Amino acid sequence: MGAGSGGTVSEILTLEHEDATTPVRVRLSDFLSREPAFEDTCFAHSSFLYDVGGRPEPGAEPRLWQAESVLSPPARCARITLPVNPDMHIMGLWLLPARPERTEQP
């Protein structure tokens, strides 16, 4: 969960476990975008924004975006290496266990 600043961002972060590394593409829309630029969804929305001087920015409605990356096959992770990009702002990151395979019930 996060946002780009100065435009959308698309970067690779790396999941690391022992001798294995798994690259994962993360794409986030700009924090002032009203609609997502990728498959991300709005996680949080505010109706105001203040500039560095404490004055309200008219019409600005910042958003945090939630992006999902499904790994196939699932990867193990002991450490995450983030890209160096000052325009990518990651506020939260969740690693979830693999979803169980769905089987049809008669």
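Just so it is clear, the values below take in all heavy atoms, side chains as well, and ignore hydrogens, waters and symmetry mates. Since the model is a prediction, treat every value here as computed from it, not as a measurement.
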Side chain proximity check, P56 to F48, heavy atoms < 4.5 angstrom:
no
Given S46 and E61, is the side-chain hydrogen bond (donor to acceptor under 3.5 Å, both in side chains) satisfied, shown in steps?
CA-CA 5 Å; S46 178; E61 295 184 14; over 6 Å; no
With distance as the sole test, does D40 use its side chain to make a donor-acceptor pair with the main-chain N or O of S29 at under 3.5 Å?
yes
If we only count heavy atoms from C-beta on, is the V24 to L15 side-chain gap below 4.5 Å?
yes
Shared hydrophobic cluster for W65 and L93 (ILVMFWY, side-chain gaps under 4.5 Å)
yes
Rounded to the nearest 0.5 Å, what's the gap from NE2 on H89 to CG on L28? Could you check?
10.0 Å
Calculate, to the nearest 0.5 Å, the distance between atoms CZ and OG1 belonging to R63 and T41 respectively.
12.0 Å
Rounded at 0.5 Å granularity, tell me how far NE2 in H45 sits from CZ in R34.
7.0 Å
Do I80 and I90 sit in one hydrophobic cluster, given that two such residues count as connected whenever their side-chain heavy atoms are within less than 4.5 Å of each other, even indirectly?
yes
Side-chain heavy atoms under 4.5 angstrom apart, residues restricted to Ile, Leu, Val, Met, Phe, Trp, Tyr: same cluster for L95 and V26?
yes
In the structure I gave you, are the side-chain heavy atoms of V70 and E68 within less than 4.5 Å of one another anywhere?
yes
Start with the C-alpha gap between E11 and N85, add the side-chain angles, then the distance that decides, and say whether side-chain hydrogen bond (donor to acceptor under 3.5 Å, both in side chains) holds.
CA-CA 8 Å; E11 292 284 352; N85 183 341; 2.7 Å; yes
Is there a path of hydrophobic side-chain contacts, each under 4.5 Å between heavy atoms of I, L, V, M, F, W or Y residues, that connects M91 with M88?
no
Nearest-0.5 Å distance that lies between atom CG in L49 and atom CG in L32:
6.5 Å
Which value, rounded to the nearest 0.5 Å, describes the distance between S69 atom OG and E39 atom CD?
9.5 Å
To the nearest 0.5 angstrom, please state how far the CG atom of L13 sits from the CD atom of E16.
10.0 Å
Assess, by modelled atom type and distance only, whether the side chains of S10 and R25 contain a donor and an acceptor separated by less than 3.5 Å.
yes
Go through D30 and T8 one step at a time and tell me if the side-chain hydrogen bond (donor to acceptor under 3.5 Å, both in side chains) criterion holds.
CA-CA 5 Å; D30 185 83; T8 61; over 6 Å; no
